[in-house]
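In this text, all values refer to a predicted model and were calculated from it rather than measured experimentally. Chain letters run A, B, ... following the sequence lines, proteins first and then strands; every chain starts at 1.
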2 protein chains.
Amino acid sequence: MTNTLPSTDLLARFTAIVGAQHAVTDPAAQAAYLVESRGLYRGTTPVVLKPGSVAEVSAILKLATETGVAIVPQGGNTGHVAGQIPRPDAGDIVLSLERLNRIRAIDPVGNVIVCDAGCILADIQQAAEAQDRLFPLSLGSEGSCRIGGNLSTNAGGTAVLAYGNMRQLCLGLEVVLPTGEIWDGLRSLKKDNTGYDLRDLFIGAEGTLGIITGAVLKLFPRPAGHQVAFAGLNSVAQALALFDRASSLCGPALTGFELMPRIGVDFTTRHIPGVRDPMPTQHAWYVLIDISTTDTAERAEQMMQDLLTRGMEDGLVENAIIASSEAQRKSLWHMRESMSPAQKPEGGSIKHDVSVPVSAIPAFMAQADAAVMAAIPGARICAFGHMGDGNIHYNISQPIGVDKQDFIDRWREINAIVHGIVLTFNGSISAEHGIGQLKRDELAEVRPSIEIDLMQRIKHAFDPAGIMNPDKVLKARTA
Amino acid sequence: MTNTLPSTDLLARFTAIVGAQHAVTDPAAQAAYLVESRGLYRGTTPVVLKPGSVAEVSAILKLATETGVAIVPQGGNTGHVAGQIPRPDAGDIVLSLERLNRIRAIDPVGNVIVCDAGCILADIQQAAEAQDRLFPLSLGSEGSCRIGGNLSTNAGGTAVLAYGNMRQLCLGLEVVLPTGEIWDGLRSLKKDNTGYDLRDLFIGAEGTLGIITGAVLKLFPRPAGHQVAFAGLNSVAQALALFDRASSLCGPALTGFELMPRIGVDFTTRHIPGVRDPMPTQHAWYVLIDISTTDTAERAEQMMQDLLTRGMEDGLVENAIIASSEAQRKSLWHMRESMSPAQKPEGGSIKHDVSVPVSAIPAFMAQADAAVMAAIPGARICAFGHMGDGNIHYNISQPIGVDKQDFIDRWREINAIVHGIVLTFNGSISAEHGIGQLKRDELAEVRPSIEIDLMQRIKHAFDPAGIMNPDKVLKARTA
């Protein structure tokens with residue numbers, strides 16, 4: 001750690017930028033900013049600053065670069081890899097974007113919305129809806145995560161298949177650089193080939209190159225038709241074959257194709273209030289299929305019928321139901337989104353957020369299952385996720401009756417096994433959650449050294465003082 | 001110019017890497033590599049090297065970095081901004097990718113193709129078609145442009161509305177860095193949030209950060225239905241209103257929405273063999289509408305009918321025809337693609353490749369037309385292009401009877417007028433062609449200095465010896 005531990009005088013200068021009422025030093029009030037949702041990482045901070053303007057963000061970063069104090073930007077504190085959590089006892093100042101939450105402009109004809117980085121995702125969704133438009137990013141934490149965090153982690157979620165990750169949903173950015181300089185890249189252009197792609201460099205950088213303070217996001221027409229179905233199948237290979245038919249038939253109308261195992265249905269029906277098994281028959285695997293059409297509602301119905309009929313004729317689908325109301329559609333999605341929370345009452349869970357080429361999913365799952373069961377007999381594998389994106393949340397619940405902590409202590413060992421198999425498929429150890437602190441050292445191990453070196457060169461070129469979210473994504477270079 | 005003028009001995013070392021039979025020194029054989037299609041830029045080179053392997057590319061760059069000799073990568077030499085043309089008398093060695101033209105792998109289930117950067121675009125399209133898949137990038141030069149150039153300029157073309165630019169069509173890259181090190185980023189993943197987005201940094205960098213030698217590209221299901229219509233309208237505002245209806249109705253099935261002026265129809269019917277006016281009535285403006293559907297052919301027919309019927313009922317469309325055969329569809333697209341060549345026989349043409357927010361197109365056109373007509377009375381404005389992308393090729397043919405060279409000599413003056421108006425809409429002076437040499441100095445003028453500075457920092461971090469395509473995109477820093 002090479003950053004400055006800020007003195008009382010220096011802290012007073014930082015505090016003066018935002019005003020004392022927006023500088024949190026009380027330990028109880030700070031607590032919510034210092035630990036992430038899974039409780040794996042806890043940090044400390046001398047002060048949480050809540051700037052009320054881009055100019056204040058700029059002044060904070062300028063002072064930080066001058067003095068060497070580290071700044072940790074934070075949105076809704078919903079990240080899964082601890083990129084938003086300060087280091088313990090390092091003097092890291094937390095900069096919360098929560099007060100920068102204005103929608104600056106919305107243009108339904110041009111299909112864009114311009115907003116502050118501190119806007120909550122659900123507020124953006126609702127603002128779009130009020131103009132008869134769709135902002136398609138959707139994830140479990142949408143009621144509290146913020147746009148700046150969504151951008152900084154290139155958030156994925158449940159509609160990536162049709163609309164892409166956050167990267168694809170962003171047209172322009174405003175970024176405060178570590179020096180305090182402001183880059184105004186708030187352009188609303190669909191095409192702009194003018195030099196290096198700075199926008200995509202800041203997206204996914206987890207706040208290590210600067211702080212995103214504003215964004216231009218894409219809006220879409222609201223679908224006229226929406227259908228959700230739940231199908232039972234016998235194997236992951238059959239799910240892949242069905243996905244292949246679904247993408248050929250529906251093209252971009254296929255908005256979701258989510259895989260779930262039987263054990264996930266057991267866990268959710270057992271633990272999540274209101275969730276019940278939607279089918280009388282039991283199946284080894286399930287897929288949730290989501291289809292949206294822009295022209296007519298009937299078209300989505302027809303597509304879903306055609307797909308399931310063909311899937312049954314081809315011996316892929318054992319049984320299926322189509323939701324007949326918005327309430328039923330929500331209910332099916334609620335089961336899918338409860339997969340992870342439903343594991344909690346079952347004891348310890350070792351998690352992975354991996355991706356492989358879509359066509360490699362069955363082989364990956366077979367190899368990973370065999371390796372995990374050999375390492376931990378009795379482990380209950382609850383692997384689910386965004387099959388159409390090649391993105392599996394390969395989660396493992398502890399065997400019944402073993403000690404939870406003993407199981408959790410094997411996190412790194414099991415990660416190494418699963419990620420090792422992922423790498424044989426040229427896959428990714430972080431499909432959508434990012435690197436943060438959790439996967440920083442592992443990233444450096446699994447990627448070619450030239451790749452990490454190029455990232456370090458970019459980091460140094462943008463943040464020579466090393467004040468932007470140090471030790472996240474990349475280990476801070478000691479001078 | 002700070003690069004080394006290579007000595008005879010040094011040239012012999014470069015030549016030895018590829019073998020004398022793949023090193024072009026004969027002036028007649030070199031000619032095709034030294035001038036771009038519009039003839040605005042001509043360069044010289046001591047030798048054109050044609051490496052036959054990635055290892056040879058690596059050896060060339062390693063030697064270049066050691067000795068300070070500049071390397072100019074070149075694909076199909078179809079670029080419009082002279083990014084691929086060596087500087088005159090600077091000792092720049094041209095490195096042609098033409099021998100690296102293997103398709104390495106194709107996976108129709110995973111919907112990816114892996115290819116060398118020297119593959120010709122049309123060959124990739126055909127390889128996809130042979131597997132019943134679509135590679136959607138399509139542009140006028142597809143029979144000769146190469147994938148490495150398409151990536152390095154983030155090529156656009158006629159299907160961006162539905163499928164995106166080259167950036168959106170690429171999953172992974174292999175890049176030889178200026179030092180000769182090879183970055184293997186040939187991943188086939190739809191999701192991969194693992195640090196800085198190096199891929200998107202190399203895409204659009206015009207060969208100034210390294211040489212792309214291989215790529216993983218996305219494939220798509222081939223559409224079941226395809227409809228093309230040609231509609232006559234009274235104004236650009238009506239075209240925008242029709243586009244708004246088309247995108248709401250068709251969503252991602254709307255694959256093209258191209259704007260053309262009456263004068264463009266006049267030019268093409270007058271000069272391009274086989275092109276004739278498809279309608280008996282004359283209109284101030286025309287749009288070519290292209291719809292593709294994945295489910296059924298009837299669906300595309302129905303959508304097009306619905307759109308045109310509604311457009312007529314709403315008073316937007318004056319007259320329209322729907323192509324009834326593949327030959328007719330090709331014929332309508334041929335007229336659109338002939339807009340630029342048809343200007344040549346009309347004398348000098350001053351060209352712009354600009355973008356503005358889609359909803360600003362009518363206002364931009366009105367202001368630009370007024371300013372251009374005030375500056376050059378009698379100018380014949382032939383503005384056409386990808387309306388759905390906000391991308392207009394705002395071309396101006398000379399007044400009848402004036403001297404061609406006198407007109408062309410006003411290129412910079414007219415650029416300044418048109419680009420000045422573009423900037424008031426926060427638009428781009430290069431929507432899809434890139435910066436190269438043609439727009440390098442203007443980019444530095446119109447963008448905030450921090451933006452150019454960040455690009456310079458990236459350039460220096462990746463290419464400290466300054467050997468990669470110097471003076472393109474950015475002016476080479478003199479040490």
Tell me the closest heavy-atom pair linking [X] and [Y], and the distance in Å.
| X | Y | value |
| --- | --- | --- |
| A:Lys191 | B:Ser428 | O-CB, 4.2 Å |
| A:Gly251 | B:Thr294 | N-OG1, 3.3 Å |
| A:Ile182 | B:Ile450 | O-CG2, 3.8 Å |

(message) Are A:Leu454 and B:Tyr196 packed together at the side-chain level, in the sense that at least one heavy-atom pair is separated by less than 4.5 angstrom?
(response)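 They are not in side-chain contact.
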
Tell me which of these, [options], has more heavy-atom pairs under 4.5 Å with chain A than the rest.
| options | value |
| --- | --- |
| B:Ile452, B:Leu209, B:Val354 | B:Leu209 |
| B:Ile458, B:Val358, B:Val109, B:Val473 | B:Ile458 |
| B:Gly204, B:Ser188, B:Ala461 | B:Ala461 |
| B:Ala360, B:Cys250, B:Ala241, B:Gly172 | B:Cys250 |
| B:Pro223, B:Gly110, B:Ser248 | B:Ser248 |
| B:Gly156, B:Ser292, B:Gly434 | B:Gly434 |

(message) Could you measure the distance from the CG atom of A:Leu443 to the OG1 atom of B:Thr194? Nearest 0.5 Å is fine.
(response)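 Between atom CG of A:Leu443 and atom OG1 of B:Thr194 there are 6.0 Å.
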
Chain B contacts, top residue of [options] (heavy-atom pairs, under 4.5 Å):
| options | result |
| --- | --- |
| A:Asp200, A:Leu186, A:Leu240 | A:Asp200 |
| A:Ser430, A:Ser247, A:Gly427 | A:Ser430 |
| A:Arg199, A:Arg133, A:Met455 | A:Met455 |

[Y]/[X] salt bridge by N-O under 4.0 Å criterion:
| X | Y | answer |
| --- | --- | --- |
| B:Asp389 | A:Lys190 | no |
| A:Glu451 | B:Arg187 | yes |
| B:Asp306 | A:Arg299 | no |
| B:Arg447 | A:Asp192 | yes |

[X] versus chain B, the contacting section by heavy-atom distance below 4.5 Å:
| X | answer |
| --- | --- |
| A:His386 | side chain |
| A:Asp295 | both |
| A:Met303 | side chain |
| A:Lys459 | both |
| A:Leu249 | both |
| A:Leu177 | side chain |
| A:Asp244 | side chain |
| A:Leu198 | side chain |
| A:Thr179 | neither |
| A:Phe425 | neither |

(message) With a sphere of 6.0 Å drawn around NE2 of A:His460, does it hold more than 12 non-hydrogen atoms of other residues, nucleotides or ligands?
(response)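 Atom NE2 in A:His460 is not crowded, with 12 or fewer foreign heavy atoms closer than 6.0 Å.
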
(message) Between A:Asn193 and B:Thr153 (side chain of the first, backbone of the second, donor and acceptor by atom type, cut-off under 3.5 Å), is there such a pair?
(response) yes

(message) Looking at A:Leu189, is its backbone amide N or carbonyl O close enough to the side chain of B:Ser355 to form a donor-acceptor pair, meaning the two atoms are under 3.5 Å apart?
(response) no

(message) Using heavy-atom distances under 4.5 Å, tell me whether B:Leu171 contacts chain A through its side chain, its backbone, both, or neither.
(response)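 Nothing of B:Leu171, per the 4.5 Å heavy-atom cut-off to chain A.
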
(request) Below 4.5 Å from any heavy atom of chain A, which atoms of B:Asn154 appear? Answer side chain, backbone, both or neither. (result)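 Both the backbone and the side chain of B:Asn154 come within 4.5 Å of chain A.
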
(request) Just do the side chain to side chain donor-acceptor pair (under 3.5 Å) check on B:Ser359 and A:Asp107 with the steps written out, would you? (result) CA-CA 9 Å; B:Ser359 54; A:Asp107 172 7; 3.1 Å; yes

(message) Using a 4.5 Å heavy-atom cutoff, which residues in residues 160-169 of chain A come close to chain B?
(response) A:Val160, A:Leu161, A:Asn165, A:Arg167

